[in-house]
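Below you'll find the structure, written out as structure tokens, and then a few comments.
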Amino acid sequence: MRQKVLIVDDEESIVTLLKYNVEQAGFETEVAYTGTSGLEKATSISFDLIILDIMLPGLDGTEVCKQLRQTKIDTPILMLTVKGDELDKVLGLELGADDYLTKPFSPKEVVARIKAILRRTNKKEVVNETTIRIADLTIFPEQYEVTINGKTLQFTRKEFELIFYLAKHKGKVLSRDQLLIAVWDDDFVGDTRVVDVHVSHLRDKIEPDLKHPVYIKTIHGLGYKMEEPS
């Protein structure tokens with residue numbers, strides 16, 4: 001069965017271009033021209049990936065992404081942003097997007113990004129690993145589950161893979177480049193800011209005091225380190 005991609009963009013010419021090239025690459029496609037329609041399809045039909053434009057009439061792409069993640073739909077999302085709009089890129093990643101692509105783009109690049117994201121999200125790197133406990137934090141790799149003080153936390157796939165990698169290397173300073181390659185691998189063509197965004201997400205969920213993190217420490221000029229709280 002072919003993998004299915006949902007394309008959400010209000011520009012008909014871009015939808016036509018994306019649909020043709022994505023289908024030529026061997027995927028099935030479904031299209032939506034508004035955020036509301038895209039959200040309805042994404043919540044009622046199973047997709048392998050969503051291409052989501054930020055600038056949509058009514059319900060914009062960031063809100064669609066936010067609502068999907070809030071309803072625990074973890075379908076990989078490739079956000080389309082306007083050239084030079086760094087705020088949109090960072091916001092998309094903060095809301096749970098897996099990657100972003102700046103307009104204008106080449107059809108080949110879109111297909112390459114889709115394949116790279118699917119390779120990353122389809123990996124089963126953490127299966128059969130043992131449970132990791134760090135103070136009140138417990139990580140269950142086979143279930144993709146994290147608890148703190150017995151309470152189950154909600155993570156996106158990338159957030160889970162990042163905290164799992166940090167925990168496996170507890171006490172070791174890991175650079176942003178190391179984390180990017182380990183969690184997003186060599187196919188990720190964004191930049192290391194995605195690591196900072198996801199570390200921020202993890203801290204929001206596990207740190208008792210965001211101003212004084214005890215689990216994930218920033219090692220200035222070097223990267224991050226997972227520690228056992230004292």
TODO: Using the side chain to side chain contact (heavy atoms under 4.5 Å, CB included) rule, take E227 and V214 through it: C-alpha gap first, then chi angles, then the decisive distance, then the call.
DONE: CA-CA 7 Å; E227 288 187 346; V214 294; over 6 Å; no
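- Between the side chains of D53 and Y33, no donor N or O sits under 3.5 Å from an acceptor N or O.
- Exactly one of V146, I132, T147 qualifies for a side chain to side chain contact (heavy atoms under 4.5 Å, CB included) with L137. That residue is V146.
- For the atom pair NZ (K151) and CG (N149), the distance works out to 10.0 Å, reported to the nearest 0.5 Å.
- Hydrophobic clustering keeps L80 apart from V111 (ILVMFWY residues linked when any side-chain heavy atoms are closer than 4.5 Å, directly or through intermediates).
- The CZ atom of F47 sits 10.0 Å away from atom CD1 of I7, with the distance rounded to the nearest 0.5 Å.
- Of all heavy-atom pairs between A167 and I134, the closest is CB-CD1, 3.9 Å.
- Looking at E11 and K103, a side-chain N of the basic residue comes within less than 4.0 Å of a carboxylate O on the acidic one, giving a salt bridge.
- Separating the CD atom in Q67 from the CG atom in L39 is a distance of 5.0 Å, to the nearest 0.5 Å.
- Between H169 and Y165, the ring-plane angle classifies as tilted under the 30° and 60° cut-offs.
- In this structure the side chain of I206 reaches within 4.5 angstrom of the side chain of I216, judged on heavy atoms.
- A 4.5 Å side-chain heavy-atom check between D98 and T156 finds every atom pair outside the cut-off.
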- [ ] Would you sort out whether F140 and T152 count as a side chain to side chain contact (heavy atoms under 4.5 Å, CB included), showing the intermediate values?
- [x] CA-CA 11 Å; F140 302 93; T152 301; over 6 Å; no
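- In this structure, L6 and G38 approach most closely via the heavy-atom pair CD2-O, 3.7 Å.
- Taking 4.5 Å as the limit, every side-chain heavy atom of Y215 sits out of range of all side-chain heavy atoms of R203.
- You'll find the side chain of I163 stays beyond 4.5 Å of the side chain of K205, heavy atoms only.
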- [ ] Please assess Y144 against E161 for the test side chain to side chain contact (heavy atoms under 4.5 Å, CB included), listing each intermediate value before the final yes or no.
- [x] CA-CA 8 Å; Y144 267 73; E161 291 176 359; 3.5 Å; yes
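- T34 contributes atom OG1, which lies 11.5 Å from atom CG of D9 (distance to the nearest 0.5 angstrom).
- At least one side-chain heavy atom of L179 sits under 4.5 Å from a side-chain heavy atom of L166.
- S46 approaches K4 most closely through the heavy-atom pair O-CD, 4.0 Å.
- Both V8 and M55 are part of a single hydrophobic cluster, where members link through side-chain heavy atoms under 4.5 Å apart.
- Using a 4.5 Å heavy-atom threshold, the side chains of Y224 and V195 count as touching.
- Summarising the geometry of D48 relative to P76, their closest heavy-atom pair is O-CD, 3.2 Å, with the distance given to 0.1 Å.
- For the pair L49/Q3, no side-chain contact is recorded, criterion being any heavy-atom separation below 4.5 Å from C-beta on.
- Counting all heavy atoms, side chain and backbone alike, I77 lies closest to C65 at CD1-SG, 3.8 Å.
- The structure places CD1 of I73 at 7.5 Å from CD1 of I50, a figure rounded to the nearest 0.5 Å.
- Salt-bridge formation is detected for the pair K170/E228: a Lys NZ or Arg NE/NH1/NH2 atom is positioned less than 4.0 Å from an Asp or Glu carboxylate oxygen.
- With rounding to the nearest 0.5 angstrom, the NZ atom of K225 is 12.5 Å from the NZ atom of K172.
- A 6.0 Å sphere centred on NZ of K19 holds more than 12 heavy atoms belonging to other residues, nucleotides or ligands.
- Within 6.0 Å of the NZ atom in K72, the count of heavy atoms belonging to other residues, nucleotides or ligands exceeds 12.
- Side-chain contact between L118 and F27 is present, with heavy atoms from C-beta onward closer than 4.5 Å.
- Considering every non-hydrogen atom in both E159 and F155, the closest pair reads OE1-CA, 3.4 Å.
- A donor-acceptor contact under 3.5 angstrom links the side chains of T62 and D60, judged on distance only.
- The backbone N or O of D196 lies less than 3.5 Å from no partner atom in the side chain of S200, so there is not a single donor-acceptor pair.
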